[in-house]
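Comments concern the structure below.
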Amino acid sequence: MKHFTTIQPLVQHLAGVRQKGLTIGFVPTMGALHNGHLSLIRIAQQACDVVVCSIFVNPTQFNDPRDLEKYPRPIAEDIKKLEQVKADVLFEPAVTEMYAGNEHWHLDIGELEHLLEGASRPGHYQGVTQVVKKLFDIVKPDVAFFGQKDYQQFLVISKMIELLHMPVKLIMCPIARETDGLAMSSRNVHLSAADRHNALILSKTLNNLKQRFDINQIPKLKREAEQIIAAEPGVELSYFEIADAETLHPATINTPHIVALVAAKVGNTRLIDNLVIS
Ligand code: AMP
């Protein structure tokens with residue numbers, strides 16, 4: 001695996017790849033890699049000739065400095081995992097390589113960035129679009145792979161690509177889960193044994209909703225889900241929404257595609273999950 005920490009040598013290397021007529025797949029991450037990340041790399045390998053993975057804990061998308069500080073960074077283990085799955089290129093820049101001092105510019109992609117996660121974490125998606133725009137400009141991938149785990153992030157990046165006419169195709173990859181249903185996340189390492197158990201209420205409630213789903217009962221089903229999660233010890237619900245899968249507005253009886261999304265603090269760790277309902 002080729003390992004780059006600066007932009008210019010990576011750009012040169014990828015220009016050579018492109019010259020050979022090979023396609024480039026890109027999997028951006030913040031590291032602390034788990035099987036969810038590795039599944040994205042495997043999907044990218046099926047679709048593209050050369051797979052680039054980036055590891056960059058992007059400071060501009062954290063609205064809580066303590067969250068940024070305690071974000072796990074096991075880089076030596078990450079490199080081993082990437083070598084095991086035979087990723088071709090790792091880009092692991094320092095913050096100073098990506099940002100020239102205090103950058104205040106951001107893309108206004110409209111209301112999507114202010115709903116749900118955007119409302120709970122003001123400025124989060126401005127940081128996400130800022131760094132993904134920079135990474136796309138550097139890597140110039142043919143295809144970029146993102147997880148359904150961050151469903152709203154996928155919609156935000158799709159919107160950015162549409163607005164800026166960026167020549168990159170996006171693929172949404174399924175959520176990798178532990179055998180008991182917990183969505184894999186780099187933040188799961190912060191869960192105590194009790195948190196780990198309590199966190200299951202999120203995926204259980206989503207699955208239960210899907211099984212019982214009735215489009216005529218959306219407000220009632222949402223209320224019940226909220227109550228069940230709020231009643232779980234050690235779990236502080238941020239939101240549970242049954243939403244239009246394209247706009248993330250609350251779903252109605254006329255909504256064709258529906259996704260349920262949840263965010264909650266479990267112990268001191270904020271977790272998100274979602275499930276496509278119809
Ligand atoms: P992160 O390192 O958390 O920024 O995630 C990097 C990429 O991996 C994003 O596209 C995430 O949606 C994706 N991802 C994170 N967790 C999972 C998971 N459990 N299953 C599938 N993809 C995931």
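For the numbers below, each heavy atom of this structure counts, side chains included, while hydrogens, waters and symmetry mates do not. Given the structure is predicted, the values throughout are model-derived calculations rather than measurements. Every number for a ligand or one of its atoms is a count from 1 in the order of the listing.
- Considering Val27, Thr29, Val156, Val132 in turn, Val132 is the only one that fulfils the side chain to side chain contact (heavy atoms under 4.5 Å, CB included) rule with Phe146.
- Salt bridge status for Arg270 with Glu236: absent, with no side-chain N to carboxylate O gap under 4.0 Å.
- Ligand-side atoms of ligand 1 in range of Thr29: 2 (O), 6 (C), range being under 4.0 angstrom from any heavy atom.
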Please evaluate residues Glu92 and Thr5 with respect to the criterion side-chain hydrogen bond (donor to acceptor under 3.5 Å, both in side chains), reporting the C-alpha separation (whole Å), side-chain torsions for both, the decisive distance (0.1 Å), and the verdict. CA-CA 5 Å; Glu92 188 226 340; Thr5 55; over 6 Å; no
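- Looking at Met172, Gln153, Lys149 and measuring to atom 14 (N) of ligand 1, the nearest heavy atom belongs to Lys149.
- Distances below 4.0 Å separate heavy atoms of Phe146 from the following atoms of ligand 1: 10 (O).
- Among all protein heavy atoms, the one lying closest to atom 22 (N) of ligand 1 is Leu40 CD1, 3.4 Å.
- For His13, the NE2 atom counts as densely surrounded, since its 6.0 Å shell holds more than 12 non-hydrogen atoms of other residues, nucleotides or ligands.
- Of the protein's heavy atoms, Ala176 N, 2.8 Å lies nearest to atom 20 (N) of ligand 1.
- From the protein, the heavy atom lying nearest to atom 12 (O) of ligand 1 is Asp150 OD2, 2.6 Å.
- Ion pair Glu69/Arg66 not flagged as a salt bridge, since none of the NZ, NE, NH1 or NH2 atoms sits closer than 4.0 Å to an Asp/Glu carboxylate oxygen.
- Residue contacts with ligand 1, taken as heavy atom pairs separated by less than 4.0 Å, do not involve Val27 at all.
- Nearest to atom 6 (C) of ligand 1 by heavy atom, out of Pro174, Cys173, Gly147, Pro28, is Pro28.
- To the nearest 0.5 angstrom, Met172 atom CE is 13.0 Å from Lys149 atom NZ.
- When His37, Met30, His34 are checked for heavy-atom proximity to atom 16 (N) of ligand 1, His34 turns out nearest.
- Per-residue contacts place Met184 under 4.0 angstrom from the following atoms of ligand 1 (heavy atoms of the residue considered): 16 (N), 17 (C), 18 (C), 19 (N).
- Taking a cutoff of 4.0 Å between a charged side-chain nitrogen and a carboxylate oxygen, Asp214 and Lys220 do not qualify as a salt bridge.
- In this structure, Ala32 has no heavy atom closer than 4.0 Å to ligand 1.
- Between Asp180 and Arg196 there is a salt bridge, with a side-chain nitrogen of the basic residue lying less than 4.0 Å from a carboxylate oxygen of the acidic one.
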